[in-house]
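One structure is given here, and the rest of the page talks about it.
Residue numbers start from 1 in every chain, and the chains themselves are labelled A, B, ... in the order their sequence lines are given, proteins ahead of strands. Keep in mind that this is a model prediction, so the values were computed, not measured.
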Amino acid sequence: MEVWMNDEVPERSLLRYSRFQLILQGDLGPFNPGLPVEVPVWLAINLKQRQKCRLIPPEWMDVAKLEEIREQERKEDTFTPMPSPYYMELTKLLLNYASDNIPKADEIRTLVKDTWDTRVAKLRLSADSFVQQQEAHAKLDNLTLMEINTTGTFLTQALDRMYKLRTNLQPGESSHSQDF
Amino acid sequence: MQGTKLEIPLWLAKGLHDSKRRIISVELPKIYKEAWRTVFSADATVVDLHKLGPYYYGFGSQLLNFDNPENPEIAQTLLQTFISRFRHIMDSSQNAYNEDTSVLVARLDELERALFQAGQKGLNDFQCWEKGQASQITASSLVQNYGKRKFPEMDG
């Protein structure tokens, strides 16, 4: 995540986040006014909130690129590889905290939402055909965690139930279990 | 007495059942018999499983414990019914946000209702994240009742 430092910069040119030493530790910087620097997203958001910098959006967060992605998603049956496994999370964070640094922020929001909707619809379609055909396993490439989590609990429970109903079909089970 | 017909609970029937000694034979409730099975295979999505059940799948699975010659067909119907209703449960539970869902769940049996809840949870969690509520720390439901109950004082 790149940030562009404003004129005020902390006196030390290297920032140490010693408060977090137990959990993580490292050095960032150097922070010089007027020059871009790469920082973790959490720091970028924090600095932005304190009005110490301007955020530079990732190169995929651009109307033309996202339109291309959306079209591909709508056209193909499979899932388009997304430019970031965290596209939803990054979009939300950046549009919430730094929309002034992002050209055409509203269009970007709509494009990402459209793409998300298409992907989730595809996921459900896949899940349904998986169930209809009683497949043993399936592989879906290019899904992100966010999409998986939205449908995941439902799907795993449903498949679990279905599996139990399928084992009913085997005759000669010594006893069907009491719990259901 | 031989030849008597009785209604007994499932657990008792299971206990008395013995395929070698034939103490009892079990008559299938009508929804598991052929006439209803045909209805289910025609279109299972419109059936009111709550009214007919409400434990259609669970009870049906337990029925398979008794050596009934129709068991393979019953097992198949249970599975196919589930499969054909799956889509509707998934779509409705994952789309209905902050709405009155009573109509959607009215005709679902208990197993399907539990699944519907799971789908709703996925949706609600996503919406909560979308609104930015996920970053607020809230007390876990496990500890919310601490301090509300006190152990009774021991008397003398």
If you look only at distance, which donor and acceptor atoms sit under 3.5 Å apart when one is on a side chain in residues 44-51 of chain B and the other is two or more places apart or in another chain?
{"from": "B:Thr45", "atom 1": "OG1", "to": "B:Asp43", "atom 2": "OD1", "distance (Å)": "2.5"}
{"from": "B:Asp48", "atom 1": "OD1", "to": "B:His50", "atom 2": "N", "distance (Å)": "3.1"}
{"from": "B:Asp48", "atom 1": "OD1", "to": "B:Lys51", "atom 2": "N", "distance (Å)": "2.9"}
{"from": "B:His50", "atom 1": "ND1", "to": "B:Arg113", "atom 2": "NH2", "distance (Å)": "3.2"}

Does a side-chain heavy-atom distance below 4.5 Å link [X] with [Y]?
X	Y	value
A:Thr153	B:Lys121	no
B:Leu79	A:Gln134	yes
B:Phe86	A:Leu155	yes

Q | Structural part of B:Ile74 lying under 4.5 Å from a heavy atom of chain A | A | neither

Q.
For A:Gln49, is the CD atom crowded, meaning more than 12 foreign heavy atoms sit under 6.0 Å from it?
A. yes

Q: Give a yes or no on whether B:Phe66 atom CZ has more than 12 heavy-atom contacts from other residues, nucleotides or ligands under 6.0 Å away.
A: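 Above 12, so yes.
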
Taking every heavy-atom pair that is under 4.5 Å apart, which of [options] has the most such pairs with chain A?
options	result
B:Phe82, B:Phe116, B:Tyr55	B:Phe82
B:Ile83, B:Asp91, B:Asn124	B:Ile83
B:Gln120, B:Glu112, B:Gln117, B:Glu130	B:Glu130

Taking all non-hydrogen atoms of both residues into account, name the closest pair between [X] and [Y] and its distance.
X	Y	result
A:Gln157	B:Ala114	OE1-O, 4.2 Å
B:Leu78	A:Leu165	O-CD1, 4.0 Å
B:Gln94	A:Thr150	NE2-O, 3.1 Å
B:Leu115	A:Phe154	O-CD1, 3.2 Å

Q. Among A:Met88, A:Glu89, A:Lys92, who wins on heavy-atom pairs under 4.5 Å with chain B?
A.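 The candidate making the most pairs under 4.5 Å is A:Lys92.
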
Q) Who wins among A:Thr151, A:Asn149, A:Asn96, A:Val120 for the most heavy-atom pairs under 4.5 Å with chain B? A) A:Thr151

Q | Rounded distance [0.5 Å steps], CG in B:Leu64 versus CD in A:Gln170 | A | 12.0 Å

Q) To the nearest 0.5 Å, what is the distance between CG (A:Asn168) and OG1 (B:Thr77)? A) 11.5 Å

Using the rule that Ile, Leu, Val, Met, Phe, Trp and Tyr join whenever any side-chain heavy atoms are under 4.5 Å apart, tell me whether [X] and [Y] fall into a single cluster.
X	Y	answer
A:Tyr86	A:Leu143	no
A:Leu123	A:Met146	no
B:Val39	B:Tyr57	yes
B:Phe40	A:Leu169	yes
A:Ile69	A:Phe79	no

Q. With only heavy atoms counted, which part of A:Ala121 is less than 4.5 Å from chain B, the side chain, the backbone, both or neither?
A.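 Neither part, no heavy atoms under 4.5 Å.
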
Q: For A:Lys104, check side chain to side chain donor-acceptor pair (under 3.5 Å) against everything at least two apart and list the hits.
A: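 Residues passing side chain to side chain donor-acceptor pair (under 3.5 Å) with A:Lys104: none at all.
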
Q: Output, in order, the C-alpha distance, side-chain angles, deciding distance and verdict of side-chain contact (heavy atoms from CB on, under 4.5 Å) for A:Leu125 and B:Arg87.
A: CA-CA 9 Å; A:Leu125 200 65; B:Arg87 182 77 194 261; 3.9 Å; yes

